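Read the structure below first, then the notes.
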Number of protein chains: 2
Amino acid sequence: MTPTLPEMCAALGDQTRWDILTRLGQEAMSASALARVLPVSRQAIVKHLDVLSEAGLVTAERRGREIVYAALGSRLNALAHELDRIGNAWDTRLRALKSLAEG
Amino acid sequence: MTPTLPEMCAALGDQTRWDILTRLGQEAMSASALARVLPVSRQAIVKHLDVLSEAGLVTAERRGREIVYAALGSRLNALAHELDRIGNAWDTRLRALKSLAEG
DNA sequence: TCGAAGTGCAACACTGGGGTTGCACTTCTA
DNA sequence: TAGAAGTGCAACCCCAGTGTTGCACTTCGA
């Protein structure tokens with residue numbers, strides 16, 4: 001099932017995961033390949049990829065002995081739209097209160 | 001200074017903070033008032049409010065002996081736009097690769 | 001002016017998340 | 001077919017974040 005809003009944000013609330021995502025946004029690669037270019041162990045990266053996969057932010061495709069991951073934008077866009085909606089609601093309410101106080 | 005992308009997401013990556021934000025999005029209130037309606041102590045709420053304030057997601061206004069907080073949408077909208085931009089970039093790249101493979 | 005309500009500060013406990021290492025297993029390739 | 005490369009699983013360490021309690025201090029109102 002689709003993760004909740006806090007869960008999505010938590011998945012994106014880690015620097016290492018953003019490092020991984022930026023790489024995967026430029027080029028699809030395996031966990032071992034990521035471990036070669038990032039300053040953390042492969043196992044750490046695997047755990048992060050699990051989180052990202054759970055959040056629907058990456059796809060995994062098996063190619064023989066390796067698993068190639070790629071960044072997936074659709075969930076990020078969906079999250080963005082929801083956050084935008086909520087942000088607008090808050091500010092709309094604030095503007096309404098303000099005009100009420102001034103009027 | 002303005003918090004980084006992972007920092008913003010981390011601030012939003014907690015259920016209790018969303019509980020607080022939702023309340024503050026409907027009605028501005030103090031930490032003590034929040035502690036009355038949420039199942040956590042006032043001190044816990046104060047810490048969360050510090051995080052949210054640091055992220056620019058709430059405003060704090062002193063009114064005599066109490067401090068009234070309100071949810072602020074602008075930072076959330078800014079974050080949303082950035083996430084949307086990044087999501088589009090990822091998918092654009094994927095579509096380019098796909099059409100390259102097919103063509 | 002005294003008590004109630006609100007905030008500030010500090011110390012403490014507990015859990016989860018991020019990270020590591022080691023080893024077994026699978027798959028490619030020379 | 002043996003070794004290199006990749007993944008899977010498990011145990012372990014560490015600390016930052018979440019939450020608590022207790023007490024001092026400020027401010028409002030009857």
Side-chain angles (χ1 to χ4, degrees), chain A residues 3-24 27-72 75 79, chain B residues 3-24 27-72 75 79:
Chain A
T4 70
L5 218 146
E7 282 167 353
M8 281 297 299
C9 292
L12 293 170
D14 182 272
Q15 180 61 54
T16 303
R17 278 200 282 271
W18 275 103
D19 293 344
I20 293 175
L21 283 174
T22 358
R23 296 279 179 168
L24 295 183
E27 175 188 11
M29 31 191 331
S30 70
S32 296
L34 283 166
R36 266 179 243 120
V37 295
L38 293 180
V40 284
S41 72
R42 174 182 62 93
Q43 288 305 325
I45 290 183
V46 167
K47 291 186 190 177
H48 285 305
L49 286 172
D50 286 344
V51 174
L52 294 172
S53 176
E54 198 73 23
L57 290 166
V58 300
T59 52
E61 184 188 354
R62 177 137 228 158
R63 270 189 217 159
R65 96 183 119 184
E66 63 181 358
I67 299 179
V68 176
Y69 297 85
L72 206 57
R75 277 288 172 83
L79 173 64
Chain B
T4 71
L5 219 147
E7 281 168 353
M8 281 296 299
C9 292
L12 293 170
D14 182 272
Q15 181 60 55
T16 303
R17 279 199 279 273
W18 273 103
D19 293 344
I20 293 176
L21 283 174
T22 323
R23 296 281 180 167
L24 295 183
E27 176 188 10
M29 28 191 333
S30 70
S32 297
L34 283 166
R36 267 180 243 120
V37 296
L38 293 180
V40 284
S41 71
R42 173 182 62 93
Q43 288 305 326
I45 290 182
V46 167
K47 291 185 191 178
H48 285 305
L49 286 172
D50 286 344
V51 174
L52 293 173
S53 176
E54 198 73 23
L57 291 166
V58 299
T59 52
E61 184 189 353
R62 177 136 228 158
R63 270 189 217 157
R65 98 182 116 183
E66 63 181 359
I67 299 179
V68 176
Y69 296 86
L72 206 57
R75 278 288 173 83
L79 173 64

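Worth saying up front: this structure is predicted, and the values here are computed from it rather than measured.
L38(B) contributes atom CG, which lies 7.5 Å from atom CE of M29(B) (distance to the nearest 0.5 angstrom). Rounding to the nearest 0.5 angstrom, the gap separating the CZ atom in R23(A) from the CD atom in E27(A) is 9.0 Å. To the nearest 0.5 Å, atoms CG (L79(B)) and CD (E7(B)) are separated by 12.0 Å. With rounding to the nearest 0.5 angstrom, the OG1 atom of T59(B) is 11.0 Å from the CG atom of L52(B). Residue T16(B) holds its OG1 atom at 4.5 Å from NE2 of H48(B), rounded to the nearest 0.5 Å.
Evaluation of atom-type donor-acceptor distances gives a pair under 3.5 Å for the side chain of Q43(A) against the base of dC9(D). In this model, a side-chain donor or acceptor of K47(B) finds a partner on the base of dG19(D) within 3.5 Å. Applying the 3.5 Å distance criterion, the base of dG8(D) shares a donor-acceptor pair with the side chain of R42(A).
Across the protein-nucleic acid pair, R63(A) atom CZ and dA5(D) atom C1' stand 16 Å apart, rounded to whole Å. Rounded to whole angstrom, the span from the CG atom of L34(A) across to the C1' atom of dA5(D) amounts to 16 Å. The nearest whole Å value for the distance from the CD1 atom in I67(B) to the P atom in dT27(D) is 11 Å. Atoms CD (E66(A)) and C1' (dC25(C)) sit 17 Å apart, rounded to a whole Å. Rounded to an integer number of Å, the gap from Y69(A) OH to dT7(D) P is 7 Å. Between the CG atom of L52(B) and the C1' atom of dT18(D) there is a distance of 13 Å, given to the nearest Å. At whole-Å resolution of the value, CD1 in I45(A) and P in dG6(D) are 13 Å apart. Between D50(B) atom CG and dA16(D) atom C1' the separation is 16 Å, expressed in whole Å.
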Q | CA sep, side-chain torsions, deciding dist, call: S30(B), I67(B), side chain to side chain contact (heavy atoms under 4.5 Å, CB included) | A | CA-CA 5 Å; S30(B) 70; I67(B) 299 179; 5.8 Å; no
Q.
For a side chain to side chain contact (heavy atoms under 4.5 Å, CB included) check, start with the C-alpha distance between I20(A) and V58(A), then their side-chain angles and the critical distance, and finish with the verdict.
A. CA-CA 10 Å; I20(A) 293 175; V58(A) 300; 5.9 Å; no
Q) Does the pair D14(B) and V51(B) meet the rule for a side chain to side chain contact (heavy atoms under 4.5 Å, CB included), with working shown? A) CA-CA 11 Å; D14(B) 182 272; V51(B) 174; over 6 Å; no
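When the C1' atoms of four end pairs are superposed on the next four at each end of the helix from dT1(C)-dA30(D) to dA30(C)-dT1(D), using five pairs per end, the two resulting axes differ in direction by 20°, to 10°.
In this structure, of dT7(C), dA5(D), dG8(D), it is dA5(D) that holds the atom nearest to the side chain of R36(A). Taking every side-chain heavy atom of R62(A) into account, dG8(D) is the closest of dA4(C), dG8(D), dT7(C). When the nucleotides dA5(C), dG8(D), dT20(C) are ranked by their closest atom to the side chain of A44(A), dT20(C) comes out on top. Checking dT7(C), dT20(D), dC28(C) against every side-chain atom of A31(B), the shortest atom distance belongs to dT7(C).
Between S41(A) and the phosphate of dT20(C), there is a side-chain N or O to OP1/OP2 separation shorter than 4.0 Å. Distances shown here put every side-chain N or O of H48(B) at or beyond 4.0 Å from the OP1 or OP2 atom of dG17(D).
Within the 4.5 Å cutoff, no side-chain heavy atoms of R17(B) are placed close to those of L12(B).
Contacts with DNA chain D (heavy atom under 4.0 Å) in residues 6-20 of chain A: none are found.
Around atom CD of E54(B), no more than 12 heavy atoms belonging to other residues, nucleotides or ligands sit under 6.0 Å away.
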